[in-house]
Number of protein chains: 2
Amino acid sequence: MTVTLADVAARARVSPATVSRVLNGNYPVAESTRERVLRAVDELDYVLNGPASSLAAATSDLVGVLVNDIADPFFGIMASAAQSAIGEGASGRGGGEKLAVVCNTGGSPARELTYLTLLQRQRAAAVILMGGSLEAPEHLAATTAKLAKLAEAGTRVVLCGRPPVTGDANAAALVFDNRTGARRLTEHLLGLGHRRIGYAAGPGDRTTTRHRLEGHRDALAAAGVPEGPTVHGAYDRRAGYEATAELLARDPELTAVVAANDTVALGVCAALRERGLDIPGDVSVAGFDDLPFSVDAVPSLTTVHLPLHEAGVRAGRLAMGTEEPLAGGLEQVSAELVVRGSTGRPRTRG
Amino acid sequence: MTVTLADVAARARVSPATVSRVLNGNYPVAESTRERVLRAVDELDYVLNGPASSLAAATSDLVGVLVNDIADPFFGIMASAAQSAIGEGASGRGGGEKLAVVCNTGGSPARELTYLTLLQRQRAAAVILMGGSLEAPEHLAATTAKLAKLAEAGTRVVLCGRPPVTGDANAAALVFDNRTGARRLTEHLLGLGHRRIGYAAGPGDRTTTRHRLEGHRDALAAAGVPEGPTVHGAYDRRAGYEATAELLARDPELTAVVAANDTVALGVCAALRERGLDIPGDVSVAGFDDLPFSVDAVPSLTTVHLPLHEAGVRAGRLAMGTEEPLAGGLEQVSAELVVRGSTGRPRTRG
DNA sequence: TTGAAAGCGTTACCAA
DNA sequence: TTGGTAACGCTTTCAA
C-alpha cells in the first residue's frame, strides 16, 4: 500500500504532527528529530499526498497559467519565463515547489471559464491569464465574476497582456502597450515614404486586435495619410496568407503591409512570394511581437518587440507574491521598434 | 464562507451522498431529485472541492503533460493536440472535465523528476512525457523508477517521442522514427549531388540527437560518402548559428548542412546569410520537424515532417484511456520527407 | 520542542 | 433510489 505520513511518524518514532512540521519547515523542530524524520521519509520513499494536504490546508501548490494558444511561441516564451520564476520560489508545503501548469484555452472563452473553474476547484494558489481577451460583454462579465471569486478564495490573480477588468482591484495587471507599438510600426513605414499600407488584423473582438489597429490608425491620421484596406483573421499564418490576397485585391498598389503579429506576417510573406513580389522591394512587411524565429526567417522584417520573457518573469513573481504589484495594480510593458534588414522604401510596381 | 456539498444537500433536502452521486453522474438518481440538486448547486454557486474529492476518491482530474521546451512550437503543437483530446472525454467526477496541464522541464532531468513527483503527489490521472530524453544512466534509472511508481499508483503513463524505458511495460509509447527520417533527409541531399555535408546536431546526450545522427550516418555510409563535420549544440537558433561557423571552419567547401531540427536550421540560415552565402545556391539547408513557420520562413528548406498534431492527439487519447495502446505498448510514428522549394543542387564556390 | 485530537469536504460502502 | 457514516491523509490548534 501507499506510504502515509503516519507510517513515517511510526518509523521515526514521533507524532504525525511532527512529521508534518518537518516537511513544511514552517515550524521549529529539533535538529535531531528533524534528521530522524527526513531519514524515515527517505527510507520509506514517502511522497506527500497533495489532495489531503490541500484539503487540510485549504490551499494547494498549483499555479495555473492560461494561454490563448500554446502552439504560438508568443505564449510559450511568456509561459516558460513565468514557470521559471514560479519554480524559483521554493518555500511552500511539502518540499516547497509550486506546480506551475499551463492551460491552453485556444482563445475560447468557454474553455477559459472551464479552466478557471477547474483551478478554483483545485484551490489553486494563483492564476495567470496571458494574452488579450475577448471583448464580448457577457464573457467579460463571467470572467470578472469568476476572477473575483477566485481572489476571494485566496487565489492570487495576475493578468499579463490583457487589460484589467472593471472593478477588479485585486488582480495585478501587466498590460502591453499595443497602441504605441503599433503606432511606431506604422510611423516607421510612413517615414520610409509608404502611403498605401494594408493591415492584416487579428480577430475583430479581441483587445489586442483593437488596440493595435487603433495605434495603426493614429499614425495614419497624424500623418494625414488615408487608411488602406484592413482584413481581419485569426492570429495565424493562414490568416496572413489569405488576408494578403484580399488586401491586394482591394488595393493592388499597396507598397506595405502591417501584420497583427509575426505569425501573421509570415503568412503575408508567403503570399507575397507566391505572387512573385519582392520583400521589401515591392512590398514591405511589418509585424508585431518579434518572435525569436522571425529574426532569421525574414531578415527584412520590421517588427515591434515586446519583452515577452521579462513580462513572463514579472507575472510569475506577482503570482508567487515574491513581488508586490505597483500601486493601482497596473503596469505597462512598452513595445520597442526593431528594424531587421533593408529599409524597404516604396517603389512603384508594373 | 465557502459553500460545501453539505450545504447543497441541505438546500436540496437530500443527503450529501445523493449530491455526490448527481455530481459524478455514475449512479442512478431519480430525475426529480437530480434536478432539485442541480438547481441547488446553481443557486448556491457551488464549486466542488477538488482536493477533498481527490482525497476521498484516491485519484484526481489532473493530467500532466511534460515537455522539454514550451517555447518551442514542436512541443506546443503536440501539447495543444493532446490537450484537445483530453478535454474531449468529459466523463469524470464533478462535471467530468480533466485538467490537462503542461509542465515545462526545460530539458532538465532534475525538473523532470520534480514535476513527476509533484504530479505523483497530486495523484494525477495520467502523465504524458513528450520529447526525447537524456540518456544518462542514473537519470534513466531514476525516471524509470518514478514512472513505475506512478503506474503502480494508478496513473496512466504515456511516452510520446521518447523511447520506452527498459522493463517499463505499463507505459504506452509513441516513438518517432527519427532514424529513418534523418536518413531520408540526407539521402535527399545526396540525391541532389551533395558530397560535403555538415551536420548541426542537438545536445550529445539526448535520444533524438543520437537517433537522427545515426540516420544521417547510415545514409552517408550507404552512399559511400565520407562523413562531414558534426557540431553539437542545444535545440535552438543560437546553436545553429554558432554551429555554422564551426562547420564552415572545419570544411569551407560544404555545400549542404543538415540541422537537428527546424529551429536549429533557422539559425544556420541566419549565419549563412550573414556570410553572404545563398540558400540553397551556395549551401542547401535541411532540417527536422517541419514546424509550421519554417514553411514561410525559408521556402527553400528541405524538412522532415513529423505528424505532431496526430501524435499529440493519440497521446492524449492514450492518457485518457479512450484508446488502447497497441499490443506491446509501442507504436512508431513515421517521418515524411518534405521538399519545400528549390532543389538546391550543389555548385562550387569561390 | 513535541503530542493528541479535532477537523477539512468528498466518496463509497452498507443498509434501508 | 436514497441515507447514514466510516474512511481518505494531512494540518493545526491546544496542551503538555
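A, B, ... follow the sequence lines: proteins, then strands. Residue 1 opens every chain.
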### Message
Closer than 4.0 angstrom, basic N to acidic O: yes or no for Arg36(B) and Glu43(B)?
### Response
no
### Message
Please pick, from dT11(C), dT1(D), dG9(D), the nucleotide with the shortest atom-to-atom distance to any side-chain atom of Ala57(B).
### Response
dT11(C)
### Message
Using whole Å, what does the distance between atom P of nucleotide dT2(C) and atom CZ of Arg13(A) come to?
### Response
15 Å
### Gln122(A) CD - dT10(C) P separation (whole Å)
13 Å
### Message
Less than 4.5 Å apart, side chain to side chain, heavy atoms only: is that true for His309(A) and Met78(A)?
### Response
no
### Task
Determine, for Lys146(B) against Glu152(B), whether the closest basic-nitrogen to carboxylate-oxygen distance falls under 4.0 angstrom.
no
## Note on the structure
Shortest non-hydrogen pair, Ala85(B) vs Val313(B), comes out as CB-O, 3.6 Å
### Query
dT12(D) P sits how many Å from Asn24(A) CG, rounded?
7 Å
### Query
When the nearest nucleotide of DNA chain C is assigned to Val29(A) and to Ala56(B) on a heavy-atom basis, which residue is associated with the more 5' position?
Val29(A)
### Between dA6(D) (P) and Leu55(B) (CG): distance, integer Å
17 Å
#### Entry: N-O pairing of Glu331(A) and Arg314(A) below 4.0 Å
yes
### Task
Report yes if a side-chain nitrogen or oxygen of Asn49(A) is closer than 4.0 Å to either non-bridging phosphate oxygen (OP1 or OP2) of dC8(D); otherwise report no.
no
## Note on the structure
Residues in residues 14-22 of chain B with a heavy atom under 4.0 Å of DNA chain D, by number, are Val14(B), Ser15(B), Ala17(B), Thr18(B), Arg21(B)
#### Entry: Rounded distance (Å) that lies between atom C1' of dT12(D) and atom CG of Leu23(A)
15 Å
### Message
Nearest to the Thr33(B) side chain among dG9(C), dT1(D), dT1(C), which nucleotide is it?
### Response
dT1(D)
### Query
Given atom CG of Leu5(A) and atom P of dT12(D), what is their separation to the nearest angstrom?
12 Å
### Query
Within a strict 4.5 Å, meaning less than it, do heavy atoms of the Val63(B) and Val101(B) side chains meet?
no
### Message
Could you tell me how far apart Leu44(B) (CG) and dG9(C) (P) are, to the nearest whole angstrom?
### Response
15 Å
### Task
Looking only at side-chain atoms of Thr2(A), point me to the closest of dG9(D), dT1(D), dT10(C).
dG9(D)
### Task
Report the residue (Arg123(B) or Ala30(B)) whose heavy-atom-nearest nucleotide on DNA chain D is the more 5′ of the two.
Ala30(B)
### Message
When the axes are fitted on five pairs at both termini, how much does the helix from dT1(C)-dA16(D) to dA16(C)-dT1(D) curve, in 10° steps?
### Response
20°
### Task
Please confirm whether the backbone N or O of Gly132(A) pairs with a side-chain atom of Arg206(A), one donor and one acceptor, at under 3.5 Å?
yes
### Straight-line distance of Leu99(B) CG to Gln122(B) CD, nearest 0.5 Å
10.5 Å
#### Entry: Given DNA chain D, 5'-ward residue of the pair Arg36(B) and Ala52(B), judged by closest heavy atom
Arg36(B)
### Rounded distance in Å - CZ (Arg34(B)) to P (dT2(D))
12 Å
### Message
Test of understanding: with side chain to side chain contact (heavy atoms under 4.5 Å, CB included), list the residues that count as partners of Asp72(A), not counting sequence neighbours.
### Response
Asp69(A), Phe74(A), Phe75(A), Asn261(A), Thr263(A), Leu291(A)
### Task
Look at the side chain of Thr155(B) and the backbone N and O of Ala124(B), then say whether any donor-acceptor pair between them is shorter than 3.5 Å.
yes
